[in-house]
Amino acid sequence: MPTAAAPIISSVQKLVLYETRARYFLVGSNNAETKYRVLKIDRTEPKDLVIIDDRHVYTQQEVRELLGRLDLGNRTKMGQKGSSGLFRAVSAFGVVGFVRFLEGYYIVLITKRRKMADIGGHAIYKIEDTNMIYIPNDSVRVTHPDEARYLRIFQNVDLSSNFYFSYSYDLSHSLQYNLTVLRMPLEMLKSETTQNRQESFDIFEDEGLITQGGSGVFGICSEPYMKYVWNGELLDIIKNTVHRDWLLYIIHGFCGQSKLLIYGRPVYVTLIARRSSKFAGTRFLKRGANCEGDVANEVETEQILCDASVMSFTAGSYSSYVQVRGSVPLYWSQDISTMMPKPPITLDQADPFAHVAALHFDQMFQRFGSPIIILNLVKEREKRKHERILSEELVAAVTYLNQFLPPEHTIVYIPWDMAKYTKSKLCNVLDRLNVIAESVVKKTGFFVNRPDSYCSILRPDEKWNELGGCVIPTGRLQTGILRTNCVDCLDRTNTAQFMVGKCLCLLFEYHGDTLSLQYGGSQLVHRVKTYRKIAPWTQHSKDIMQTLSRYYSNAFSDADRQDSINLFLGVFHPTEGKPHLWELPTDFYLHHKNTMRLLPTRRSYTYWWTPNVIKHLPLPYDEVICAANLKKLIVKTFHKYEEEIDIHNEFFRPYELSSFDDTFCLAMTSSARDFMPKTVGIDPSPFTVRKPDETGKSVLGNKSNREEAVLQRKTAASAPPPPSEEAMSSSSEDDSGTDREEEGSVSQRSTPVKMTDSGDSTKVTENVAQPMKELYGINLSDGLSEEDFSIYSRFVQLGQSQHKQGKNSQQPCSRCSDEVIKLTPISAFSQDNIYEVQPPRVDRKSTDIFLAHIQASQGIMQPLGKEDASMYREYIRNRYL
């Protein structure tokens with residue numbers, strides 16, 4: 001029986017589309033290009049999509065033979081060598097989906113990607129470019145005059161702007177859900193594997209079920225949470241036809257990652273925002289909620305902390321916290337025809353029994369558990385009723401729903417007029433938000449995949465003991481959610497979420513700018529510095545420009561963007577004989593299905609929740625181990641070294657020639673640069689010549705001085721300089737990942753070099769030698785110790801041995817010749833660098849330490865020895881007793 005579980009890695013990561021006159025052949029392979037799958041797409045059907053997937057796994061040799069036969073069989077004349085019958089159309093990294101307007105189907109392919117984050121070795125990519133290809137052949141194409149206009153509307157959704165995907169990590173679910181699935185009891189996974197094979201038996205699927213020597217691993221793949229998937233409608237037509245590895249689900253929102261060094265240990269801070277695809281749209285055109293309980297501008301924000309030194313979901317340390325923003329769950333809107341900066345708020349329908357709010361909170365109970373905490377930031381006191389209309393209706397809805405819930409699971413409502421506190425000179429907005437955030441986290445808790453540390457048992461802390469959530473043997477679970485809203489859910493909401501998350505300020509500002517651009521058409525107007533009241537005067541002019549940009553976008557371009565979103569998400573389907581998308585006076589009936597047909601029986605006005613959901617509170621029903629949730633999982637058995645579950649092989653890619661310059665973790669935004677001495681400047685390399693008074697701030701701030709002081713010199717040994725302040729403020733996307741994967745891309749790094757005259761060289765040398773002890777802890781003028789000299793001698797001999805070309809090469813000094821590794825040339829040619837090496841002997845103690853380190857990475861901890869236990873006991877006695 002398998003002894004562990006791991007996520008299944010998709011075996012379709014590199015694609016090549018081949019073209020003939022009658023068919024498209026889409027060939028997909030894994031990263032190592034050892035396993036291949038082939039899709040056959042018919043091009044002779046003018047309006048239907050015919051796709052054939054034989055579900056067979058090919059080897060590289062078999063694919064070459066198949067393509068060779070296709071090329072030979074599709075030539076115009078048998079035996080003709082001049083022309084080819086099979087053409088390579090495009091290379092890609094995934095299939096976004098298939099779409100049809102009024103003519104035939106199109107296929108949308110991802111042609112460029114960029115790595116943005118890494119969670120436990122699982123890469124998260126951002127779409128950089130796509131290609132849309134028409135499938136039917138020109139000979140059978142039936143043209144329509146409005147096809148080109150629909151195509152332009154569809155392409156207005158910029159897929160290269162904040163769309164993300166992963167081949168092995170489910171981005172539509174939280175980290176807590178993904179790790180909870182992996183820690184299910186193995187007996188249940190075994191029964192689920194047997195059930196899956198009995199219900200849907202496939203001879204090709206069972207090829208990977210053979211295990212060797214009992215060292216099997218359960219591979220688990222869960223169904224995505226379709227609320228946060230943006231290409232679900234595009235993949236729906238092939239969902240039941242092709243193998244699941246062809247289905248690549250994408251999310252829309254934000255993804256950023258930064259690296260912290262805590263006592264030299266690398267810790268990755270990741271911020272992921274998932275925008276809901278239900279009731280999606282632009283600022284003034286989508287307000288409130290629809291008849292199914294989906295609200296406008298609903299975004300789930302998750303911050304993840306992980307120990308980057310251990311790359312494993314089972315042995316590594318992970319923590320996360322999730323919070324949500326979304327419009328007030330009522331039937332309300334704003335009329336933008338008046339061309340006012342703040343159109344009046346109107347309640348469209350009377351809802352005395354809070355039906356739409358009940359549907360919305362029932363969804364939240366199912367996904368997050370209890371308690372649900374509402375932080376309402378809209379204004380409460382106004383001379384003329386505007387935002388206060390929403391507060392009064394929301395209080396009435398929550399009060400009505402709470403009277404039927406069990407007292408321990410009631411919805412917590414926290415009203416706080418943030419705008420009023422901001423105007424007051426005596427109140428500190430962030431201090432008040434800090435108090436609210438502390439009380440919220442105490443009630444919901446947060447996710448940790450490790451049990452409480454032993455020190456917390458020795459020294460109990462009141463705050464730690466009061467922490468909410470659910471404590472399990474393997475760690476802690478977050479139960480419940482904080483739901484923050486203002487009117488737009490942009491500026492005030494982002495600041496409140498930052499104070500709750502206590503994440504990196506710059507990362508949260510990127511996050512807020514990106515979400516604001518998607519929904520409001522501009523970046524944030526009021527930032528964290530604004531509420532801290534430390535923003536410079538120049539920030540006020542930027543705020544004015546962002547306000548004007550938002551107003552212009554809402555007035556002139558939001559209608560076109562809304563049409564594009566409706567078409568992309570499949571809310572509107574073009575049909576001949578019916579009005580076109582641009583002819584509709586409103587899209588209200590598209591998002592409110594109860595206006596087109598009678599819905600099933602309405603829920604009870606008193607028992608407004610789903611019965612199974614309320615039974616398992618405070619745990620979220622989606623994470624409860626039950627038959628309904630087990631049906632959402634795909635479980636297979638693999639050998640532990642198979643590529644479908646080997647994340648080590650997927651991350652390090654030993655079959656590729658890689659360079660440190662292209663490594664994602666080196667290009668990631670790191671806090672190490674923020675804490676470097678000011679004399680380091682913009683380049684932390686110790687080999688860069690600097691001015692004595694050069695600081696990081698002066699170099700970054702004054703562009704003219706930078707151009708005069710430095711010259712770009714290409715080198716492979718320098719670290720990448722941090723982004724400038726101008727790039728930080730103007731960019732609305734996260735720039736932490738710079739791994740662009742496209743054909744012909746070459747990574748180049750540059751290091752600033754100080755240009756000096758020959759007459760000033762002595763002065764510069766004296767000035768640079770002074771801070772060397774302060775920066776690097778050593779002076780070159782000091783004598784080397786015996787140990788350092790021995791290490792340096794070994795380094796010199798290695799270099800001499802490697803570049804030795806004849807027998808008359810220089811011999812190492814006799815002082816350390818007995819202690820170094822000896823390299824003996826074994827080639828008959830003097831210019832070959834082929835040597836025989838005798839590895840040094842390792843003593844027993846070093847071997848034991850290495851084996852203990854390997855076992856610790858696998859989660860197997862060695863028991864403490866008597867000396868260690870007595871030393872620790874003595875430390876505790878002296879420190880605390």
Side-chain angles (χ1 to χ4, degrees), residues 161-162 252-254 256 271 273-276 279-289 295-301 323-329 332-334 336 341-343 345 374-379 386-387 390-391 394 416-419 421-422 429-430 433 482-501 503 505-532 535 539-540 542-555 557-558 561-562 565 729 731-734:
S161 176
N162 311 117
H252 184 39
F254 173 81
L271 199 62
R274 309 173 185 93
R275 179 173 292 281
S276 173
F279 202 50
T282 54
R283 184 186 178 200
F284 285 128
L285 297 179
K286 286 294 164 283
R287 294 293 210 188
V295 298
N297 194 23
E298 183 174 6
V299 182
E300 180 183 304
T301 299
Q323 48 187 326
V324 171
R325 68 172 69 184
S327 187
V328 179
W332 65 280
S333 61
Q334 288 180 277
I336 59 173
K342 290 185 178 181
I345 294 175
I374 303 173
L375 178 58
N376 186 17
L377 303 176
V378 303
K379 297 178 181 178
H386 183 65
E387 296 184 9
L390 301 178
S391 292
L394 183 58
W416 189 57
D417 190 345
M418 188 171 176
Y421 274 77
T422 305
V429 175
L430 300 189
L433 283 174
L482 171 65
R483 186 192 190 279
T484 309
N485 72 266
C486 51
V487 177
D488 297 324
C489 301
L490 296 178
D491 302 336
R492 286 174 282 181
T493 299
N494 196 73
T495 302
Q497 287 191 335
F498 162 72
M499 291 305 298
V500 174
C503 192
C505 181
L506 188 61
L507 199 59
F508 245 99
E509 284 201 354
Y510 286 152
H511 161 265
D513 282 338
T514 304
L515 298 181
S516 181
L517 278 167
Q518 294 166 7
Y519 182 66
S522 73
Q523 295 182 0
L524 291 174
V525 176
H526 303 297
R527 303 173 180 271
V528 177
K529 289 183 179 180
T530 306
Y531 293 105
R532 281 177 176 165
Q539 184 65 39
H540 297 298
K542 292 181 180 179
D543 292 347
I544 295 173
M545 293 304 297
Q546 295 298 339
T547 304
L548 294 176
S549 175
R550 184 176 295 182
Y551 176 74
Y552 176 83
S553 176
N554 300 153
S557 62
D558 276 5
R561 290 174 56 207
Q562 185 65 57
I565 293 173
S729 62
S731 174
S732 62
E733 299 178 1
D734 174 61

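All values below come from the heavy atoms of this structure, side chains included, with hydrogens, waters and symmetry mates left out.
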(request) Could you tell me whether the side chain of His252 and the main chain of Arg274 form a donor-acceptor pair under 3.5 Å? (result) no

(request) Search all heavy atoms of Leu377 against all heavy atoms of Cys486 and return the closest pair with its distance. (result) CB-CB, 4.2 Å

(request) Would you give the length of the straight line joining atom CG of Asn494 to atom CG of Asp513, rounded to the nearest 0.5 angstrom? (result) 8.0 Å

(message) Counting C-beta onward and ignoring hydrogens, is there a side-chain heavy-atom pair between Phe508 and Leu271 closer than 4.5 Å?
(response) yes

(request) Drop me the distance from Leu375's CG to Thr484's OG1, to the nearest 0.5 angstrom. (result) 4.5 Å

(message) Check whether Ser327 reaches the backbone of Ala296 with its side chain - one donor and one acceptor, N or O, closer than 3.5 Å.
(response) no

(request) Determine whether Leu394 and Ile374 make a side-chain contact, defined as any pair of heavy atoms from C-beta on separated by less than 4.5 Å. (result) yes

(request) Locate the shortest heavy-atom distance separating Gly326 from Val295; write the atom from each residue and the value. (result) CA-CG2, 4.2 Å

(message) Is there a side-chain contact between Glu509 and Thr495 in this structure, where contact means two heavy atoms from C-beta onward sitting under 4.5 Å apart?
(response) no

(message) Within this structure, what is the OG-CZ distance for the pair Ser516 and Arg283, rounded to the nearest 0.5 Å?
(response) 8.5 Å

(request) Take Asn297 and Arg275 through the side chain to side chain donor-acceptor pair (under 3.5 Å) test and state the conclusion after the steps. (result) CA-CA 7 Å; Asn297 194 23; Arg275 179 173 292 281; 2.8 Å; yes

(request) List for me each residue that meets side-chain contact (heavy atoms from CB on, under 4.5 Å) alongside Ala273, sequence neighbours excluded, and say none if there are none. (result) Phe254, Val299, Thr301, His511, Leu515

(message) Do Phe498 and Thr493 have side chains that approach each other closer than 4.5 Å (heavy atoms only, starting at C-beta)?
(response) no

(message) To the closest 0.5 Å, what do you measure between OH (Tyr519) and CZ (Arg325)?
(response) 11.0 Å

(message) Checking the side chain of Glu300 only, and the main-chain atoms of Gln323 only, is there a donor and an acceptor separated by less than 3.5 Å?
(response) no

(request) Return the set of residues passing ring-ring contact (aromatic ring centres under 6.0 Å, His included) with Trp332 (not counting sequence neighbours), or none when no residue passes. (result) none

(request) Using modelled atom types only, decide if a donor and an acceptor are shared between the side chain of Gln334 and the backbone of Pro343 within a distance under 3.5 Å. (result) yes

(message) Taking side-chain contact (heavy atoms from CB on, under 4.5 Å) as the definition, give me every residue that meets it alongside Gln562, ordered by chain and number, with sequence neighbours left out.
(response) Thr282, Leu285, Lys286, Asn566, Asp587, His591

(message) Minimum heavy-atom separation for Leu430 and Met499, please, with both atom names.
(response) O-CE, 3.5 Å

(request) Kindly compute the distance separating CZ (Arg287) from SG (Cys489), expressed to the nearest 0.5 Å. (result) 8.0 Å

(message) Within the structure provided, determine whether Val500 and Leu482 are in side-chain contact (heavy-atom separation under 4.5 Å).
(response) yes

(message) For the backbone of Val487 and the side chain of Glu387, can you confirm whether one donor and one acceptor N or O come within less than 3.5 Å of each other?
(response) no

(message) Taking Gln518's backbone N and O only, do any of them form a donor-acceptor pair with Arg561's side chain (distance below 3.5 Å, no angle check)?
(response) yes

(message) One thing to verify: whether Arg492 and Asp417 come together as a salt bridge, which I'm taking to mean a side-chain N less than 4.0 angstrom from a carboxylate O.
(response) no

(message) Do Pro329 and Glu298 have side chains that approach each other closer than 4.5 Å (heavy atoms only, starting at C-beta)?
(response) no

(request) First locate atom CZ of Phe284, then atom OG of Ser333, and finally report the distance between them rounded to the nearest 0.5 Å. (result) 11.5 Å

